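The structure displayed is predicted, hence computed values, not measured ones.
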Amino acid sequence: MARRRRRSAGCLAVVLVVAVGAAALVWLPGIVQRHGYKLEAQSCTATYGDYVDYKTAEQAGNAAIISAVGLSYGFDTWGVTVAIATAIQESSLRNLDYGDRDSLGLFQQRPSQGWGEPEQVRDPHYASSKFYQALDQVPGWRDMPLTEAAQAVQRSGFPDAYADHEREARAWAEALTGGAGVVECHVPDGVIGTPQAFAERLHHDFGSGRFAVEVADVDKDRTTLRITPLVGDESANHAVREWAVATAASTGVVEASGWGHRWVNGVGRSTLEEGEDGPEPVTVVIATR
C-alpha cells in the first residue's frame with residue numbers, strides 16, 4: 001500500500017539568498033551529444049540502457065511531475081512507469097483542454113465520471129494524484145502487465161494500447177525515480193529563474209519535507225543551489241538531479257550535477273569522478289537577472 005502524500009506546511013527547509021545581475025545568461029547553441037544526435041530547441045531525451053526516447057520540453061516536464069507525485073505517494077519505478085505510459089497514451093504527455101466527450105488533462109479524466117472539476121483535472125499535480133490514488137485501489141496491480149493495471153484505472157475503449165508505450169515510459173521512470181536512466185534537455189536561451197521559484201516548484205512537485213534547498217554560491221547572473229534529500233536513499237539524489245534537467249525549461253536551470261553526472265544546457269551530459277570523501281551533493285545552477 002503506497003503511503004499518503006505528506007504536505008505539511010513548513011517542512012521544506014529553504015535557505016535562500018537572492019542576488020540579481022545586470023544581464024541574463026546566454027548559452028551557445030546545442031552541440032552534438034554523446035549519442036551522435038543534436039537536440040533541437042526545447043527537446044529532451046530519456047536514455048535507459050541502449051534505448052533513447054525523445055520528447056519535447058513540455059512533455060518531459062509533465063513526466064517529471066507525474067514521477068515526483070508518484071514518489072511523494074511512495075510509488076516505485078513500476079508504479080511511475082504505469083502512470084507515465086497511461087499519460088502518453090491518453091494525451092501524449094500534454095495537458096489537453098479537450099478530449100473525448102468531457103475528457104481533459106494529462107490522463108483525460110472525465111469530470112462527469114467523478115474525477116474532479118474541469119479545472120482540477122487540468123492541474124497536472126491533481127490529475128497525477130487522482131491516478132495514483134485509483135491505481136492504489138486496484139488489487140494486485142504490481143503483478144499485472146502494465147496495460148492491465150492502466151486499464152483497471154482508465155477503463156478505456158482501447159484497453160491494449162497502453163502496452164505500446166511501456167518501453168518509453170520505463171526510460172523516463174527509471175531516470176526520474178533515481179534508477180539507471182538519465183535525462184538530457186536542450187532548452188531555450190534566456191529562460192530566467194529565481195531560487196525562490198525553484199524551491200517552490202520542487203516543493204510543489206515532490207511535496208513538503210523531502211528536500212532542503214540552500215544557496216551555495218552567487219556569481220553575477222548565476223545562482224548555485226545545493227539540494228539535500230531529507231527522506232529516502234541514494235536514489236533520491238539521482239531523482240532530483242534528473243527532475244532538475246527535465247524541468248529546466250520552466251525553472252531556468254542551466255546546469256545540474258552531483259553523484260557522478262553533470263548536465264549543462266546546450267552542451268549535454270558528462271560523467272564526473274566522485275571525490276575522496278564520497279559523492280558530491282546535487283547542485284543546480286540557475287540563470288538569474
Side-chain angles (χ1 to χ4, degrees), residues 5 39-48 52-73 75 77 79-99 103-109 115-116 118-135 146 150 153-154 161-162 164-178 181-188 191 193 197-198 200-207 239-253 256:
R5 191 180 191 193
L39 292 176
E40 300 299 330
Q42 301 192 56
S43 63
C44 299
T45 64
T47 302
Y48 178 50
V52 182
D53 183 63
Y54 295 78
K55 294 282 183 281
T56 67
E58 175 195 6
Q59 291 170 313
N62 285 327
I65 292 173
I66 292 170
S67 178
V69 172
L71 289 174
S72 75
Y73 273 101
F75 283 85
T77 300
V80 173
T81 300
V82 174
I84 292 177
T86 302
I88 292 173
Q89 170 60 28
E90 297 291 352
S91 68
S92 295
L93 281 171
R94 294 175 297 148
N95 191 21
L96 301 178
D97 61 358
Y98 62 89
S103 300
L104 296 168
L106 286 174
F107 294 92
Q108 289 291 278
Q109 293 157 335
W115 287 98
E119 62 272 16
Q120 289 179 312
V121 298
R122 288 208 66 234
D123 175 348
H125 299 84
Y126 174 92
S128 299
S129 295
K130 295 295 285 186
F131 178 85
Y132 286 117
Q133 290 168 11
L135 180 63
L146 182 147
V153 174
Q154 298 294 107
Y162 303 105
D164 296 339
H165 308 292
E166 181 169 347
R167 195 176 187 191
E168 60 187 298
R170 186 62 184 247
W172 288 95
E174 283 285 346
L176 293 167
T177 62
V182 294
V183 176
E184 291 187 44
C185 288
H186 180 197
V187 300
V191 177
F198 176 88
E200 289 175 354
R201 172 66 187 270
L202 181 70
H203 166 78
H204 191 41
D205 283 12
F206 285 94
V240 76
R241 183 190 65 205
E242 302 307 313
W243 171 90
V245 179
T247 58
S250 59
T251 62
V253 169

request  = Report yes or no: does Arg122 contribute a side-chain atom to a donor-acceptor pair with the main-chain N or O of Leu96 at less than 3.5 Å?
outcome  = yes

request  = List for me each residue that meets side chain to side chain contact (heavy atoms under 4.5 Å, CB included) alongside Glu168, sequence neighbours excluded, and say none if there are none.
outcome  = Tyr51, Asp53, Lys55, Ile88, His165

request  = Rounded to the nearest 0.5 Å, what's the gap from OG1 on Thr247 to CD on Glu242? Could you check?
outcome  = 11.0 Å

inquiry  = As a quick check of understanding, evaluate side-chain contact (heavy atoms from CB on, under 4.5 Å) for Tyr132 and Ser72, giving each step before the final call.
reply    = CA-CA 10 Å; Tyr132 286 117; Ser72 75; over 6 Å; no

query = Can you tell me how far the OG atom of Ser128 sits from the CD atom of Gln133, to the nearest 0.5 Å?
reply = 10.5 Å

ask   = What are the two closest non-hydrogen atoms of Ala171 and Tyr48, and how far apart are they?
value = CA-CB, 3.8 Å

note = For Ala173 and Val80 the tightest heavy-atom approach is CB-CG1, 3.8 Å

task = For the pair Gln109 (side chain) and Pro118 (backbone), establish whether a donor and an acceptor sit closer than 3.5 Å, ignoring hydrogens and angles.
result = no

inquiry  = With a 4.5 Å cut-off on side-chain heavy atoms, are Gln120 and Trp115 touching?
reply    = no

Atom pair SG (Cys44) and CD (Glu58), whose distance is rounded to the nearest 0.5 Å = 11.0 Å

query = Is a donor on one side and an acceptor on the other found under 3.5 Å between the side chain of Glu166 and the backbone of Ala85?
reply = no

key: Residue list, side-chain hydrogen bond (donor to acceptor under 3.5 Å, both in side chains) with Thr177, at least two apart or on another chain   = Thr77

Test side-chain hydrogen bond (donor to acceptor under 3.5 Å, both in side chains) applied to Glu90 - qualifying residues, sequence neighbours left out = Gln154, Tyr162

Approximate separation, where rounding is to 0.5 Å, of Ser67 OG and Phe206 CZ = 6.5 Å

message = If I take atom CG from residue Leu146 and atom OG1 from residue Thr86, how far apart are they, to the nearest 0.5 angstrom?
response = 6.5 Å

task = Begin from the C-alpha positions of Val82 and Phe131 and carry the test side-chain contact (heavy atoms from CB on, under 4.5 Å) through to its verdict.
result = CA-CA 10 Å; Val82 174; Phe131 178 85; 4.1 Å; yes

key: For the student: nearest non-hydrogen atoms of Leu135 and Gly79, plus distance   = CD2-O, 4.3 Å

note = Here the gap from Asn62 atom CG to His125 atom NE2, rounded to the nearest 0.5 Å, amounts to 9.0 Å

message = Minimum heavy-atom separation for Ala64 and Ala246, please, with both atom names.
response = CB-CB, 3.9 Å

query = Any side-chain heavy atom of Arg201 sitting closer than 4.5 Å to one from Ile65?
reply = yes

message = As a quick check of understanding, evaluate side-chain contact (heavy atoms from CB on, under 4.5 Å) for Phe107 and Ile66, giving each step before the final call.
response = CA-CA 10 Å; Phe107 294 92; Ile66 292 170; 4.0 Å; yes

inquiry  = For Ser91 versus Gly105, what's the shortest heavy-atom pair and its separation?
reply    = CB-O, 3.6 Å

inquiry  = Pair Val182, Val245 - check side-chain contact (heavy atoms from CB on, under 4.5 Å), show working.
reply    = CA-CA 9 Å; Val182 294; Val245 179; over 6 Å; no

request  = Could you pull out the closest heavy-atom pair between Thr45 and Tyr54, with the gap in Å?
outcome  = CG2-CD2, 3.5 Å

